[in-house]
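All values below come from the heavy atoms of this structure, side chains included, with hydrogens, waters and symmetry mates left out.
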Amino acid sequence: MATQIFTLVGVLIGALTSYFATAVAERAKFRREMATRWDERKLDTYIAYVTCIKEIQRAAMDAGRAREQEADASGALAAMEESENRRSILFETFILLSDAKAATAAHAVNQRTWELLRMARVPSSGMTELRPIPLVEALNGLHEAARADLTISSSIRIR
């Protein structure tokens, strides 16, 4: 009888050990899958946000160029405002998904973007007034912070 109890206890211990090992492995797998899913979502958000910033910059420069050529800048300004509206919405998602360093870099990009928008909205502003705004430098800082947040290593330094 005692050997049957020892056998039964051994089987029970083996079953519990197997259950806990499987549960731990499944939990780790789930965490990896969730991290991957959020990283994909982060990457998509970062790309959409930076693309929107570039569209704003391109439209502002088009408006400045049109003014210097004494052409109508209203189409470029409308495109700029549309991109600004999308940027505003994308920024909220960006902040929700990013780490503190990337969020700080995005705030700096917003400041430079608002300077560009403010200057582009002035009817007398041409390319000369728009070029000195350091938006590209702020974007470079954002790229670096986003790569760090996504744990993407890069030996390439963009200036």
A.B. asks: What are the two closest non-hydrogen atoms of E68 and M127, and how far apart are they?
C.D. replies: OE2-N, 2.8 Å
A.B. asks: Starting at CD of Q57, measure out to CG of L130 and round the result to the nearest 0.5 Å.
C.D. replies: 9.5 Å
A.B. asks: Output the distance between atom CD1 (I133) and atom CG (L117), rounded to the nearest 0.5 Å.
C.D. replies: 9.0 Å
A.B. asks: Please round to the nearest 0.5 Å and tell me the distance separating atom SG of C52 and atom CD of E82.
C.D. replies: 9.0 Å
A.B. asks: In Å, rounded to the nearest 0.5 Å, how long is the span from CG of L135 to CG of L116?
C.D. replies: 6.0 Å
A.B. asks: What are the two closest non-hydrogen atoms of T113 and R87, and how far apart are they?
C.D. replies: CG2-CD, 4.3 Å
A.B. asks: Is there a side-chain contact between I95 and H107, using heavy atoms and a 4.5 Å cut-off?
C.D. replies: yes
A.B. asks: Kindly state each residue pair satisfying salt bridge (Lys or Arg N to Asp or Glu O under 4.0 Å) with at least one member in residues 47-60, sequence neighbours excluded.
C.D. replies: E55-R86
A.B. asks: Is it true that, when you exclude E137 itself, more than 12 heavy atoms of the residues, nucleotides or ligands shown sit nearer than 6.0 Å to its CD?
C.D. replies: yes
A.B. asks: Can a donor-acceptor pair be found, under 3.5 Å and without considering hydrogens, that links the side chain of Q69 to the backbone of A66?
C.D. replies: no
A.B. asks: Ignoring hydrogens and geometry, is there a side-chain-to-backbone donor-acceptor pair from S125 to M119 under 3.5 Å?
C.D. replies: yes
A.B. asks: Closest approach of V109 and A138, non-hydrogen atoms and distance?
C.D. replies: CG2-O, 3.4 Å
A.B. asks: Nearest heavy-atom pair of L77 and A120: which atoms, and what distance?
C.D. replies: CD2-O, 3.6 Å
A.B. asks: Hey, could you give me each pair passing side-chain hydrogen bond (donor to acceptor under 3.5 Å, both in side chains) that has a residue in residues 88-103? Not counting sequence neighbours.
C.D. replies: none
A.B. asks: Taking NZ, NE, NH1 and NH2 as the nitrogens, is one of them in R41 or D44 under 4.0 Å from a carboxylate oxygen of the other?
C.D. replies: no
A.B. asks: Charged N to carboxylate O under 4.0 angstrom, E115 versus R118?
C.D. replies: no
A.B. asks: Let me confirm one number: the CG-CD distance from D149 to E144, rounded to the nearest 0.5 Å.
C.D. replies: 12.5 Å
A.B. asks: With L150, which residues qualify under side chain to side chain contact (heavy atoms under 4.5 Å, CB included), at least two apart?
C.D. replies: D39, K42, L43, Y46, I152
A.B. asks: Could you measure the distance from the CD atom of E84 to the CD1 atom of I56? Nearest 0.5 Å is fine.
C.D. replies: 4.5 Å
A.B. asks: List the atom of R67, the atom of A73, and the distance in Å for their closest heavy-atom pair.
C.D. replies: CG-CB, 4.1 Å
A.B. asks: Count I, L, V, M, F, W, Y as connected when their side-chain heavy atoms are under 4.5 Å apart, and connections chain through other members. Are I47 and Y49 then in the same cluster?
C.D. replies: yes
A.B. asks: Show your working on side-chain contact (heavy atoms from CB on, under 4.5 Å) between I53 and R112 and close with a plain yes or no.
C.D. replies: CA-CA 10 Å; I53 295 294; R112 300 297 85 73; over 6 Å; no
A.B. asks: State, to 0.1 Å, how close F91 and A106 come at their nearest heavy-atom pair, and which atoms those are.
C.D. replies: CE1-CB, 3.8 Å
